[in-house]
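Residue numbering restarts at 1 for every chain, and letters A, B, ... go by the order of the sequence lines.
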2 protein chains.
Amino acid sequence: MPRAERERQMIAVAEEIFAERGYQASSMDEIAEGVGVSKPMLYEYFGSKEGLLVACIRQARAELLATTLASVEGVLSAREALERGLVAFFGFIDSHRRSWALLRQEAAVAGQAAMDEIEAVRQQQTEVNATLFGSYLVGVPDRDLQAYGEIVVGACERLAQWYVTREDVTAEDAAELIMRMVWHGLGGATGTHSHA
Amino acid sequence: MPRAERERQMIAVAEEIFAERGYQASSMDEIAEGVGVSKPMLYEYFGSKEGLLVACIRQARAELLATTLASVEGVLSAREALERGLVAFFGFIDSHRRSWALLRQEAAVAGQAAMDEIEAVRQQQTEVNATLFGSYLVGVPDRDLQAYGEIVVGACERLAQWYVTREDVTAEDAAELIMRMVWHGLGGATGTHSHA
DNA sequence: GAAGTAACCTACTCCCAGTAAGGTAGTGCG
DNA sequence: CGCACTACCTTACTGGGAGTAGGTTACTTC
C-alpha cells in the first residue's frame with residue numbers, strides 16, 4: 001500500500017481510537033493493530049505518539065479553516081461575515097463532533113507539540129476575528145482588536161462545549177446567542193430591569 | 001512530620017515542578033526528591049500522579065472562588081457585580097500566574113479525573129454568571145442564561161491567556177474589554193468606541 | 001515495656017513508548 | 001535472466017517511569 005494512503009488510513013483509525021478512549025489510554029500497539037500494521041510503521045510515518053495526534057489535529061484544523069473561509073465568501077458587511085462565520089463554526093462542530101472532541105478535550109491530554117498545535121488553531125481564529133473587527137471599528141487601538149478577537153474565540157470555544165451536550169440547540173441558535181452578547185450586548189437586551 | 005503539613009509541602013513542590021516542566025515531563029521520583037521523601041509517600045497521600053495534580057488544582061480552585069465571592073460582597077447592581085467579579089478574576093490571574101498556568105495548560109495534560117476537576121471550575125464560574133444574569137434579565141429562558149454564562153466563562157478564559165502575555169494590560173483593562181463586548185456590544189460602537 | 005500506629009523506606013513489577021536490525025517485493029538496468 | 005536499489009513492512013528488543021509489596025523506625029498509650 002502506498003505511503004499517502006496508508007497515512008490517511010492511520011490517521012482515520014487514530015482519530016477514532018483517540019476520540020473513544022482518550023489520548024493517554026490509547027496505546028500505539030492498539031492503533032497499529034486497528035490499522036492492521038506493526039507499530040514501527042506508525043513511528044516511521046509520524047515519529048511519535050504525539051506526532052500522530054498532531055497529524056489528526058492538523059487535519060481537523062485545515063477542515064475548520066476551509067469551512068470558515070468558504071462561509072464568508074462574497075459577504076459584504078462585517079456583521080454578516082461574523083454571523084456567517086459563527087454559524088459555520090458551530091456547523092463544523094455539528095458535523096465533526098469527533099474531531100472537535102479530539103481538538104478540545106483529548107488532544108489536551110498530550111505534550112507541548114500538541115498544545116502548540118491547538119494554540120495555532122485558536123490563533124488562526126483570533127487573527128480572523130481581529131482583522132474583521134479592524135475593518136469595522138475605526139480608531140480602535142490594535143491591542144483592543146486583538147483582545148476582542150480573543151474574547152470571541154474563548155466565548156465560542158466554551159459555548160461549543162455546552163452546545164455539543166444540547167440536542168435541542170441548532171448551530172444558528174448558538175451563533176445567535178454569541179451575537180446577542182458580542183454585538184448587541186446584554187446592556188441593551190430585551191426585557192431587562194436594572195435591578196433584581 | 002505530621003501528615004497535614006507534609007501534604008501541604010508536597011502540593012507546593014508538585015505545583016512548582018508541574019508548572020515548570022509540564023505534567024507529562026514531571027516524574028513522581030523527581031517530586032519526591034524535591035520534597036525530600038520517598039515516592040511511596042506521595043502515593044500513600046494522593047493515590048496517583050493525577051491525584052496529586054488534582055490536589056494542586058483543587059487548591060487553586062478554592063482560592064479563586066473565595067476571591068470572587070469576596071469581591072462581590074455587598075454589591076447592589078448586577079452590572080457592578082459582574083464588573084467587580086471580572087476584575088477579581090483577572091486580579092487572581094495576576095497574583096497566581098503559576099496556579100493559573102497549572103489550571104489552564106499543564107493540568108490539561110492529564111487524565112479524566114483532572115479534566116473533570118477543571119470542568120468543575122468552569123461550571124462553578126458558569127453557574128455564578130447564569131444566576132447573575134437571571135437576576136438581571138427578566139423573561140429570558142433558562143437555556144439562554146446558561147449559554148450566556150458559558151460565553152462569559154469562555155471569553156474570560158481565553159482573554160486570560162492573552163492577558164498573561166501582556167505586561168502593559170491591567171486587570172481593570174481586561175475586565176473593561178470583556179465588559180465592552182458583553183455589556184455594550186460591538187454593534188453600538190459604529191465608527192469608534194468613543195462612547196465607552 | 002508491650003502493643004499499636006503513623007510516618008517512612010528499599011527494592012521491586014509491569015506497561016508502554018520508542019528502536020535496532022533485518023526481511024520481502026516491486027522496479028530499473030546490464 | 002540476475003543484480004542492485006528502494007519502499008514497505010516485520011519481530012524482538014530496551015528504557016523509563018508509574019505504581020506496589022513488604023518491612024523498618026519512632027512515637028504514643030496503657
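With sequence neighbours excluded, the residues that form a salt bridge (Lys or Arg N to Asp or Glu O under 4.0 Å) with Glu7(A) are Arg3(A). By the ring-ring contact (aromatic ring centres under 6.0 Å, His included) test, Phe89(B) pairs with Trp100(B), sequence neighbours left out. With sequence neighbours excluded, the residues that form a ring-ring contact (aromatic ring centres under 6.0 Å, His included) with Tyr163(B) are Phe90(B). For Asp168(A), the salt bridge (Lys or Arg N to Asp or Glu O under 4.0 Å) partners at least two apart in sequence or on another chain are Arg166(A). Among residues two or more places apart in sequence or in another chain, the side-chain hydrogen bond (donor to acceptor under 3.5 Å, both in side chains) test is passed with Glu150(B) by Arg158(A). Every residue meeting the ring-ring contact (aromatic ring centres under 6.0 Å, His included) condition with Phe92(B), not counting sequence neighbours, appears here in chain and number order: His96(B). The ring-ring contact (aromatic ring centres under 6.0 Å, His included) check on Phe133(A) picks up nothing, with sequence neighbours excluded.
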Can you pull every protein N or O that's under 3.5 Å from an N or O on nucleotides 15-18 of chain D?
from    : atom 1 : to       : atom 2 : distance (Å)
dA18(D) : OP1    : Ser26(B) : O      : 3.3
dA18(D) : OP1    : Lys49(B) : NZ     : 3.1
dA18(D) : OP2    : Met28(B) : N      : 3.0
dA18(D) : N7     : Lys39(B) : NZ     : 3.2

I'd like a list of close polar pairs between nucleotides 7-9 of chain D and the protein, N/O only, cut-off under 3.5 Å.
from   : atom 1 : to      : atom 2 : distance (Å)
dC8(D) : OP1    : Arg3(A) : N      : 3.2
dC9(D) : OP1    : Arg6(A) : NH2    : 2.7
dC9(D) : OP2    : Arg6(A) : NE     : 3.3

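Counting heavy atoms of neighbouring residues, nucleotides and ligands inside a 6.0 Å radius, atom CD of Glu33(B) does not exceed 12 of them.
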Subject >> Per-nucleotide pairing state of DNA chain C [Watson-Crick or G-U, under 3.5 Å; [ ] pseudoknot-crossing; | other strand] >> reply: ||||||||||||||||||||||||||||||
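Extent of DNA chain C lying under 4.0 Å from chain A heavy atoms, first and last nucleotide in 5' to 3' order, is dA17(C) to dA20(C).
Under a 4.5 Å side-chain heavy-atom criterion applied to ILVMFWY residues, the cluster that includes Leu69(A) comprises Leu65(A) as well.
Using a cutoff of 4.0 Å between basic side-chain nitrogens and carboxylate oxygens, Arg21(A) and Glu30(A) are scored as salt-bridged.
Proximity of Leu53(B) to Tyr23(B): side-chain heavy atoms (C-beta onward) are separated by under 4.5 Å at one or more points.
Hydrophobic clustering keeps Leu86(B) apart from Val153(B) (ILVMFWY residues linked when any side-chain heavy atoms are closer than 4.5 Å, directly or through intermediates).
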